[in-house]
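A short write-up of the structure that comes next.
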Amino acid sequence: MSWPEHPPEVERTEYTTGGGKPKGGAGSRGGAEDDRRILLVDCDMFFVQVARLADPDGAGATPYLLVGGSATGRGVVTSASYDARPYGVRSGMSTARALRLCPAATVVPVPREECGRRSRMVRRSLEALAPVVEAASVDEFYLDLTGTERLFGGESLAETARRIRRRILEETEISVSVGGGTRKLVAKLAAEVAKPGGVHVVPAGGEERFVRGCELSRIPGIGPTLLAELEKRGLRSPDDVLAVEERWLEEWVGPRRAHWLRERLRGVDPSPVLPRGERKSVSAERTFHEDLTDRGTLGSHLQRLVLSVGRDLRSRGVRARTVTVKIRTRDFRTRTAARTLSEAVESDGALAAAARSLLQELLGRIRGPVRLLGMGASNLTREGDAAQIPLLPREADESPRERAVSRIMDDLRNRFGDEALFPAGIIPPGPTTSRPGKGDGEKP
DNA sequence: TCTGGGGTCCTAGGACCC
DNA sequence: TCTGGGGTCCTAGGACCC
């Protein structure tokens, strides 16, 4: 059974809101009358699945698989196989510690390209099955099926979810779990219940009871900081939070967050399922194997980051007006410096010029070695978009020649590989830049 | 237990303009 | 010399997500 190209009788819920932010304004409440049919399709341990598909004999052969950074360096676990989790391994944990907990485990690097490929496969399959698809991340997709009841012959949301699950597995070899309900928040939490490889749908009207039954830490938007803030006040469950007088909550976490929190815990979430718009920023960063002090070395690393970000910008056909440089020191403090240029740029030369002076500025502000260096570009505009007319004549941030040079370099790298050219002063890929897909995990 | 890399969104303060 | 309010843009930092 497949989805017609343009389902005529689908009545889409129309939303006028711009960003899909959970503003919770008085106008658009997700009240009891909310009868949307929303699914969250969540790939099971996505990186582990993809690593196994990409390397069936290596990663695919061991039950205890950790996907993530190197074991000897400062890497962390991005995803751990279900067999490894009973040992206490969690994503975000340092790989070294994970290996202490589960010594039998194999570590492999994240297969980035293959992850992108499989993610696009899943998205395309879903787009053929539902009228509105929002890619929330590489491995999570919201579907809005509101109005499809007749089209699907009265099929229940849970039946639809199971059908979609089977279909995705057939078409992409990726196993997913599916959560469903009338709101994104509820669908998301339901998917946790559905894992691994199952389906869970919360019936309309049961939202508040369902959310109240969840742990606070599982509610999207409640992170470690807010959690600790609430715990400090003795609030450990949704019921605890909802029992507290509103004015106290407002005093503790601020009026806006207090309101947001109460709405969420009552299962209210009016945010619409919206296909993702344009990218807002592009960045690259690097944590060093050992903290760095030498400014020349830092400069070379910065240049590498510039090349990566510049190429990313150009491949997307966008230009950036704001350049940001970020450093993290040994004490884990992060500092950023940003500059907005008078016109948007895309060439490595223009990006590098801005980045270099920002790095100097940052190095003047800190003492001691640098743990991480990052570089980002934001304030993006499409190439074709009308450029702002400068009010006064000024020096250009970027010449047509600089743009042309960068594009030629992209072309050469695309044809002959990343290592084809490294302008003087650039640190070539070192031993820490391991290549995915070879052998049994990485040992730099 | 020593914390990756890619993002998004929010807040707060200052500059500047009207 | 004292005194506005609002709007927009920019910067820095931080919370959060996967």
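Residue numbers start from 1 in every chain, and the chains themselves are labelled A, B, ... in the order their sequence lines are given, proteins ahead of strands.
- The two residues A/Arg90 and A/Val77 make their nearest non-hydrogen contact at O-CB, 3.9 Å.
- A/Val77 comes within 4.0 angstrom of no nucleic acid atom, judged by non-hydrogen atoms across all strands.
- Nucleic acid contact for A/Ala136: none, since no nucleic acid atom lies under 4.0 Å from a heavy atom of the residue.
- Considering only the side chain of A/Pro224, C/dC16 comes nearest among B/dT8, C/dC16, C/dC18.
- Residue contacts for A/Arg365: at a heavy-atom cut-off of 4.0 Å it reaches the sugar-phosphate backbone alone, with no base atom in range.
- The separation between A/Arg330 atom CZ and B/dC2 atom C1' is 13 Å, rounded to whole Å.
- Across all strands, A/Arg257 comes closer than 4.0 Å to no nucleic acid atom at all (heavy-atom distances).
- Listed pair A/Arg256 / B/dT11 meets the phosphate criterion, a side-chain N or O lying under 4.0 Å from OP1 or OP2.
- Among C/dA12, C/dC18, B/dT3, the nucleotide with an atom closest to any side-chain atom of A/Arg74 is B/dT3.
- Among the protein residues, A/Ala96 comes within range of no part of the nucleic acid, since none of its heavy atoms lies under 4.0 Å from any strand.
- With distances taken from any side-chain atom of A/Val282 to the nucleotides B/dT1, C/dA12, B/dG7, the minimum falls on B/dG7.
- Taking atom CZ of residue A/Arg97 and atom P of nucleotide B/dG4, one finds them 14 Å apart after rounding to whole Å.
- Residue A/Ile219 is classed as a sugar-phosphate contact, given heavy-atom separations below 4.0 Å to backbone atoms only.
- Considering only side-chain N and O atoms, A/Lys280 lies nowhere under 4.0 angstrom from the phosphate OP1 or OP2 of B/dG7.
- Side-chain contact annotation: A/Ser271 with A/Asp269, donor-acceptor N/O pair under 3.5 Å present.
- For A/Thr336, a side-chain nitrogen or oxygen approaches OP1 or OP2 of C/dG13 to under 4.0 Å.
- With rounding to the nearest 0.5 Å, the separation of CZ in A/Arg382 from CZ in A/Arg319 is 11.5 Å.
- When all heavy atoms of A/Ala80 and A/Val89 are compared, the pair lying nearest together is CB-CG1, 3.7 Å.
- A sub-4.0 Å separation between OP1 or OP2 of B/dG6 and a side-chain N or O of A/Ser283 is absent.
- For C/dC16, one of the phosphate oxygens OP1 or OP2 lies less than 4.0 angstrom from a side-chain nitrogen or oxygen of A/Thr225.
- Within the shown strands, B/dG7 is the pairing partner of C/dC16 under the Watson-Crick or G-U definition, both distances less than 3.5 Å.
- Between the CD atom of A/Glu278 and the C1' atom of B/dG7 there is a distance of 15 Å, rounded to whole Å.
- Of the N and O atoms on the side chains of A/Asp331 and A/Thr329, at least one donor lies less than 3.5 Å from an acceptor on the other residue.
- In terms of phosphate contacts, A/Arg112 brings no side-chain nitrogen or oxygen within less than 4.0 Å of OP1 or OP2 of B/dG6.
- Here C/dC16 is the nucleotide among C/dC18, C/dC16, C/dC10 with the atom lying nearest to any side-chain atom of A/Leu226.
- OP1 or OP2 of B/dG5 has at least one side-chain nitrogen or oxygen of A/Thr287 nearer than 4.0 Å.
- For the pair A/Ser94 and A/Arg276, nearest-nucleotide mapping onto DNA chain B gives the more 5' position to A/Ser94.
- Both A/Thr340 and A/Ile222 sit near DNA chain C, but only A/Thr340 has its closest nucleotide nearer the 5' end.
- Neither OP1 nor OP2 of B/dG5 sits under 4.0 Å from any side-chain N or O of A/Arg371.
- As a whole-Å value, the separation of A/Leu261 CG from B/dC10 P is 16 Å.
- In this structure, A/Arg321 atom CZ and C/dT8 atom C1' are separated by 12 Å, rounded to whole Å.
- At the heavy-atom level, A/Arg333 lies nowhere under 4.0 Å from the strands shown.
- Per the geometry, CG belonging to A/Leu40 stands 14 Å off P belonging to C/dC17, to the nearest Å.
- Note on A/Arg335: every side-chain N or O is 4.0 Å or more away from OP1 and OP2 of C/dA12.
- Between the side-chain ring of A/Phe332 and the base of B/dT3, a stacking contact exists by the 5.5 Å and 30° definition.
- Look at the C1' atom in both C/dG4 and B/dC16: the space between them is 16 Å, to the nearest Å.
- A/Ser281 has a side-chain polar atom (N or O) that falls below the 4.0 Å cut-off from OP1 or OP2 of B/dT8.
- The A/Thr322 side chain lies nearest to C/dT11 when the options are C/dT11, B/dT3, C/dG13.
- In this structure, A/Arg339 places its CZ atom 15 Å from C1' of C/dA12, rounding to the nearest Å.
- Remark: the A/Ser91 side chain and the A/Ser79 side chain contain no N/O donor-acceptor pair separated by less than 3.5 Å.
- At B/dT1, none of the side-chain N or O atoms of A/Arg100 fall inside 4.0 Å of OP1 or OP2 (strictly under the cut-off).
- Across all strands shown, A/Lys326 has no heavy atoms under 4.0 Å from either base or sugar-phosphate atoms.
- A tilted orientation is assigned to the rings of A/Phe288 and A/His301, their planes being inclined by 30° to 60°.
- With A/Phe332 as the aromatic partner, A/Arg328 meets the cation-pi criteria of under 6.0 angstrom to the ring centre and within 45 degrees of the ring axis.
- C/dA15 atom P lies 14 Å from atom CG of A/Leu230, rounded to whole Å.
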